[in-house]
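These notes are about the structure you will find just below.
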Amino acid sequence: MKYMTNSIRQTVAALREEGIVISENALRVWVKKGDIPAVYSGTKAYLWYPNVIEFLKRGSAAQAG
């Protein structure tokens, strides 16, 4: 089930439902580097789904440079 705000694991599952396959580890690295903004509750990161889609469309700054 896709919500607008998801944990990393839920985000990966929602992306896979749309045919976008990325690893949980890759998503965690992008969040840790700050490429995808997250809100934390304790150690759990929550992502705004449209931010993830936008990042996947544009790529990271490291890829562009």
Side-chain angles (χ1 to χ4, degrees):
M1 181 182 285
K2 178 175 65 173
Y3 298 100
M4 292 307 250
T5 305
N6 298 307
S7 68
I8 289 177
R9 183 165 290 156
Q10 291 168 329
T11 299
V12 168
L15 288 168
R16 287 188 178 161
E17 285 179 14
E18 293 188 26
I20 303 168
V21 180
I22 63 165
S23 71
E24 213 174 293
N25 187 55
L27 192 55
R28 288 183 194 285
V29 168
W30 293 327
V31 169
K32 188 172 183 173
K33 286 178 24 182
D35 291 332
I36 299 174
V39 174
Y40 290 87
S41 177
T43 58
K44 194 166 200 167
Y46 290 94
L47 312 176
W48 181 246
Y49 194 77
N51 286 346
V52 176
I53 296 299
E54 181 62 29
F55 172 78
L56 294 174
K57 287 181 181 176
R58 69 173 162 76
S60 70
Q63 292 173 341

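Along the sequence shown, the residues carry numbers beginning at 1. Since we're looking at a predicted model, the values are computed, not measured.
- When atom types are taken as modelled, the side chain of Ser41 and the backbone of Lys44 share no donor-acceptor pair closer than 3.5 angstrom.
- Of all heavy-atom pairs between Gln10 and Asn6, the closest is OE1-CA, 3.5 Å.
- Inter-residue side-chain proximity for Trp30 and Ile8 is flagged as unmet; no heavy-atom pair is nearer than 4.5 Å.
- The closest side-chain heavy-atom distance from Leu56 to Leu15 is below 4.5 Å.
- Counting all heavy atoms, side chain and backbone alike, Asn51 lies closest to Pro37 at ND2-CG, 3.5 Å.
- Residues Ile36 and Val31 meet the side-chain proximity criterion, which asks for heavy atoms closer than 4.5 Å.
- Arg16 places a side-chain N or O within 3.5 Å of a backbone atom of Ile22 that can act as its donor or acceptor partner.
- Neither Val39 nor Phe55 shares a network with the other; the hydrophobic side chains, linked directly or stepwise wherever heavy atoms of I, L, V, M, F, W or Y lie under 4.5 Å apart, form separate groups for each.
- Note: the hydrophobic cluster containing Val52 also contains Tyr40 (ILVMFWY, side chain heavy atoms under 4.5 Å, direct or indirect links).
- Residues Leu27 and Leu47 have side chains in contact (heavy-atom distance under 4.5 Å, counting atoms from C-beta outward).
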